[in-house]
Amino acid sequence: MKKFITFNLAIAFLFSVIAPFSLAQKKDLPHVVILATGGTIAGSAESATQAGYTSGQVGIQTMIKAVPGIEKLAHVTGEQLANVGSQDMSVEIWLKLAKRINELLASKDVDGIVITHGTDTQEETAYFLNLVVKSDKPVVTTGSMRPSTALSAEGPLNLYNAVAVAANPKSRGHGVMMVMNDQIHSARAATKTNTTAVQTFKSPVHGQIGTVLYGQMEFYRKPYRLNTTGSEFSVDGVKELPRVDVVYACADMSPDLIGMLVKAGAKGIVIAGVGNGNMNAATLEAAAKAVKQGVIVVRSTRVPTGYVIRNAEVNDDKYGTVASGDLNTPKSRVLLMLALLKKRTPAEVQELFRKY
Ligand code: ASP
């Protein structure tokens with residue numbers, strides 16, 4: 001009996017020591033908010049092996065439950081901001097996301113943000129946020145190539161790693177990051193390179209900025225271009241973005257699209273040019289005419305890697321065009337939309353393409 005009482009006392013003592021400790025530990029965990037927008041990571045199919053599936057079917061709470069151990073990385077809470085395939089990502093959702101992130105990160109109770117997102121346009125959303133988030137706390141996008149119901153779905157591990165990166169104070173000041181397949185990329189540099197492979201995001205010119213393996217991470221470098229707290233762009237009070245369209249260049253292309261877009265009200269046009277941002281003479285003439293009508297025309301490239309150099313094969317000084325540098329076509333469109341929230345000359349826009 002005496003032994004039993006002593007045992008009970010020992011257990012009670014142990015609990016009195018452990019319980020507050022584990023409570024304190026929970027309180028000490030960083031708070032990461034997951035903002036879900038849909039995509040394949042939330043997609044489902046009828047069987048584990050079929051190629052066809054529907055994006056944006058699974059809710060955020062179910063996704064969190066599918067990640068064992070996530071509760072040890074951070075105090076994780078989730079919000080469903082949208083549930084779309086990212087082919088349907090819109091300016092409206094971008095603005096909603098950016099405003100919610102700024103609101104959350106202004107609170108000292110939130111340490112980092114993860115955004116679950118389809119992979120098709122994830123780089124555009126990430127780069128947009130990179131320019132308008134007003135905090136140096138970690139903001140990480142993630143997604144998956146295989147739907148949640150697939151054999152070897154990689155979404156749960158991607159989400160686990162994304163939360164690990166967002167929860168780690170060492171991740172501060174890296175701008176918006178994209179985490180997939182054990183790699184950490186910067187929003188400005190990464191692009192989708194494969195339609196189906198889990199290793200789809202690559203940063204062809206700059207390289208990945210870090211690695212994350214089962215939550216253990218290492219950074220190699222910080223992105224240099226201006227972002228987040230260093231960015232002059234803001235979405236405060238912004239309800240829509242100016243219209244900017246993309247024209248894809250090819251051999252013997254018709255210049256007609258340029259004139260049509262100007263007529264339709266485009267404020268900016270990004271041309272995914274051939275090679276070093278080139279286009280045939282007729283299109284260049286149409287572009288120069290658009291510039292004279294007040295439209296900003298950016299020369300980008302359809303080539304997956306490399307720079308579009310100002311005044312190389314095209315005389316930008318003469319035509320009034322802007323060279324995109326190594327910013328790819330969809331991200332050039334994002335930068336131009338934000339740039340055109342204010343009236344700017346081609347020279348001013350060129351300067352923005354140098355800085356961001
Ligand atoms: N179409 C999907 C999406 O972008 C593809 C994916 O998420 O991998 O939402």
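Everything quoted here is computed from the prediction, not taken from an experiment. When a ligand or atom number is given, it counts from 1 through the structure's own listing order.
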Chemist: Indicate the ring-plane relationship of Phe219 and His174, choosing parallel, tilted or perpendicular according to the 30° and 60° boundaries.
Modeler: parallel
Chemist: Counting N and O atoms only, with roles assigned by atom type, does the side chain of Gln293 sit under 3.5 Å from a partner on the main chain of Val295, one being a donor and the other an acceptor?
Modeler: no
Chemist: Polar-atom distance check: Asp120 versus ligand 1, any N or O pair below 3.5 Å?
Modeler: yes
Chemist: Show which atoms of ligand 1 fall inside a sub-4.0 Å distance from at least one heavy-atom site of Gly85.
Modeler: 9 (O)
Chemist: In the protein, what heavy atom is nearest to atom 4 (O) of ligand 1, and what distance, to one decimal place, separates them?
Modeler: Ser86 OG, 2.5 Å
Chemist: Hey, does Gly143 sit under 4.0 Å from ligand 1 if you only count heavy atoms?
Modeler: no
Chemist: Could Lys192 and Glu123 be called an ion pair, given the rule that one side-chain N must be under 4.0 Å from one carboxylate O?
Modeler: no
Chemist: Which protein heavy atom lies closest to atom 5 (C) of ligand 1, and at what distance to 0.1 Å?
Modeler: Thr40 OG1, 3.1 Å
Chemist: Would you mind running through ligand 1 and noting each atom that sits below 4.0 Å from a heavy atom of Gln87?
Modeler: 1 (N), 2 (C), 3 (C), 4 (O), 9 (O)
Chemist: At less than 4.0 angstrom from any non-hydrogen atom of Ser144, what atoms of ligand 1 do you find?
Modeler: 6 (C), 7 (O), 8 (O)
Chemist: Could you check whether Asn168 and Ser171, counting side-chain N and O atoms only, form a donor-acceptor pair closer than 3.5 Å?
Modeler: no
Chemist: Does the pair Asp245/Arg243 count as a salt bridge with the N-to-O cut at 4.0 Å?
Modeler: yes
